[in-house]
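The figures that follow rest on heavy atoms only: side chains count, while hydrogens, waters and symmetry mates do not.
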Amino acid sequence: MAKVKITETVLRDAHQSLLATRMRIDEMLPILGKLDQVGFNSVECWGGATFDSCLRFLNEDPWERLRTLRREMPNTRLQMLFRGQNMLGYRHYADDVLEEFVNKSVENGIDVIRIFDALNDIRNLQTAIDSAKKATRDGKHPEVQVAISYTTGDVFTTEYYCDYAKKIEAAGADSICIKDMAALLTPYKTEELVKALKKTVKLPIQLHTHYTSGLASMCLLKGIEAGVDIIDTAMSPLALGTSHAPTESMVAALQGTEYDTGLDLVLLTEIREYFMGLRKKYIDEGLIDPKMLATDAGALIYQVPGGMLSNLLSQLKQAGKEELLNEVLAEVPRVRADAGYPPLVTPSSQIVGTQAVFNVLNGERYKMVTKEFKGVVRGEYGQTPVPIDPDFRKKIIGDAEPIDCRPADRLEPELDKLRKECAEWAESEEDVLSYAQFGQVAVKFFEKRRNEKFGLDGKHGSTETGIHPV
């Protein structure tokens, strides 16, 4: 029987989508043993926004979180999300920093690295792929999965995605993930795309889609029937809304069929009870906004990922302009078109979203332009799927020279420089890598950690609501 495998996202993308990545390691610990018994293909638990959230809001060392997860789930493959040349930060990093980060991620416990680029620019992925294929722990290499950032628009045809899949296969990936971060897939489009990819490449295909538009379970089922090998789901208390399809429901739907996952529904129900307790806690604390739990087929129009939606809402709340959300959502596709139709995923989602917020709040489009938006228009993040209008580029960046090469080719090695900069606070090579990505945010964490060691500051980590990535 052709078993469909499941990657469980409750420890990463599910809470990133619903509650700004605020699940703490001490909230995970009591259930890790049971999660380890299930037999998931992998548990996605690290990378994405978890690194930033640990340092910025939760007073946790993200590397220690990874080591704890590795220790408590010895029988389960641990998976991370990695933004190619952006790593887990928001700019491109030199190759030497990226290579060291990949090595340390594997060394500390990662088994599956899902790598993507916000612009689907394969040049921004090659160093990460090569580094992951060289990395080892206990003599084993991690699985190197490359994700296609799925979006819609005139250029984003099935042929476009098949051509990109060929590049991914040629670059050395072990598997491909269709990463539908904005819930834009529809069931029959999923079937068409999966069948085409299966004819085009020989790699296993994994399907990742969000529930925002209410179509995720149907997309997963049609994808499975078309040949998908692995699906992403979330335990039901942290599923639906801007998160994923419920794990238990998909397991039940496939039981007794040729796609049977073989997972124990009784064990999953026990795990569900634990996460129901966390769900109630998060709702009581106001960390889960009811808006994030509602189905909104409008996502198919404004194309905003779940995490980005909560991010926009948070920005508007801070400005006291929550009532302008619909205006911002209408502005997002216009900004995206101006910027060459980047898929909306970190970091392009924050860049486009923040610019849309400024356009609406200022009452004039591009009256104020962020440094990051100028970077996208200039080419600092790579080649956009559609060329940017030269007149618009000049309006945004003036006489600055556009960048046509792989952005990282312009960067000098920087690891030694970073080591020197944070020598006062860093206690390990992992600390250097934390500093590389989050600068003063990491320094504040290091200082707090040092003070706590000497009993100077016993305060607990913050659970404030803040801006978070997608």
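Here the closest heavy-atom approach between residue A147 and residue N120 is recorded as O-OD1, 4.5 Å. Closest heavy-atom contact between L300 and S213: CG-CB, 4.0 Å. Minimum interatomic distance between L415 and D96 (heavy atoms only, all atoms of both residues): N-OD2, 3.0 Å.
Counted by atom type alone, T158 and K189 present one or more donor-acceptor pairs between their side chains at under 3.5 Å. No hydrogens or angles considered: nothing links the side chains of E372 and T354 as a donor-acceptor pair under 3.5 Å. At a cut-off of 3.5 Å, with distance as the only test, no side-chain donor of E44 or T7 sits close to an acceptor on the other residue. Side chains of D232 and Q206: a donor-acceptor N/O pair is present below 3.5 angstrom, by distance only. One side chain, D130 or Q126, offers a donor N or O that lies under 3.5 Å from an acceptor on the other. No side-chain N or O of N124 forms a donor-acceptor pair with one of Y381 less than 3.5 Å apart. Between E27 and Y282, the side chains place a donor N or O and an acceptor N or O closer than 3.5 Å (distance only, hydrogens not considered). For the residue pair S217 and Y211, a side-chain donor N or O sits within less than 3.5 Å of a side-chain acceptor on the partner.
A distance-only check finds no donor-acceptor pair linking the side chain of R114 to the backbone of Q145 [under 3.5 Å]. Not a single donor-acceptor pair under 3.5 Å links the side chain of R378 to the backbone N or O of P402. Checking side-chain atoms of S53 against main-chain N and O of A49 turns up no donor-acceptor pair under 3.5 Å. Under the 3.5 Å distance criterion, the side-chain polar atoms of H15 are left unmatched by any main-chain donor or acceptor of L238. Although no hydrogens or angles enter the test, the distance criterion places a donor-acceptor pair under 3.5 Å between the side chain of D174 and the main chain of V144. A donor-acceptor pair is defined here as one N or O able to donate and one able to accept, closer than 3.5 Å; such a pair exists between the side chain of D180 and the backbone of L185. The backbone N or O of T242 lies less than 3.5 Å from a partner atom in the side chain of H210, making a donor-acceptor pair.
Taking the charged nitrogens against the carboxylate oxygens, D289 and K317 do have a contact shorter than 4.0 Å, which makes a salt bridge.
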Notebook entry, point to check: Between L293 and R279, is a side chain to side chain contact (heavy atoms under 4.5 Å, CB included) present by the stated rule, with each step listed?
Noted result: CA-CA 12 Å; L293 299 174; R279 175 190 167 102; 4.0 Å; yes

Next item on the list: Would you sort out whether Y93 and L411 count as a side chain to side chain contact (heavy atoms under 4.5 Å, CB included), showing the intermediate values?
Entry: CA-CA 7 Å; Y93 293 86; L411 302 176; 5.5 Å; no

Next item on the list: Report the C-alpha separation of S175 and E143 in whole Å, then their side-chain angles, then the decisive distance to 0.1 Å, and conclude whether the side chain to side chain contact (heavy atoms under 4.5 Å, CB included) test is met.
Entry: CA-CA 8 Å; S175 60; E143 178 182 334; 2.6 Å; yes

Notebook entry, point to check: Which is it for R406 and H92 under the side chain to side chain contact (heavy atoms under 4.5 Å, CB included) test, yes or no, and what are the steps along the way?
Noted result: CA-CA 10 Å; R406 182 183 78 118; H92 279 216; over 6 Å; no

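Taking 4.5 Å as the limit, some side-chain heavy atom of W46 sits within range of a side-chain heavy atom of F51. For the pair V106/I113, a side-chain contact is recorded, criterion being any heavy-atom separation below 4.5 Å from C-beta on.
The structure places CG of L203 at 8.5 Å from CD1 of I168, a figure rounded to the nearest 0.5 Å. To the nearest 0.5 Å, the span separating OG on S149 from NZ on K179 amounts to 7.0 Å. For the atom pair CD (E327) and CG (N359), the distance works out to 12.0 Å, reported to the nearest 0.5 Å. Here Q437 contributes atom CD and N86 contributes atom CG; the two are 9.5 Å apart, rounded to the nearest 0.5 Å. Here C54 contributes atom SG and L66 contributes atom CG; the two are 10.0 Å apart, rounded to the nearest 0.5 Å. Atom-to-atom distance recorded for D95:CG and D409:CG is 7.5 Å, nearest 0.5 angstrom.
With a 6.0 Å radius and a threshold of 12 heavy atoms from other residues, nucleotides or ligands, Y341 has its OH atom at or below the threshold. Within a 6.0 Å radius of NZ in K444, other residues, nucleotides and ligands contribute 12 heavy atoms or fewer. Counting non-hydrogen atoms of other residues, nucleotides and ligands closer than 6.0 Å to CG of D154 gives a total of 12 or fewer.
Ring centroid separation for the pair W63 and F101 comes in under the 6.0 Å cut-off.
Ring geometry for F373 against Y366 counts as parallel: the plane angle stays under 30°, on a 0 to 90° scale with 60° as the upper cut.
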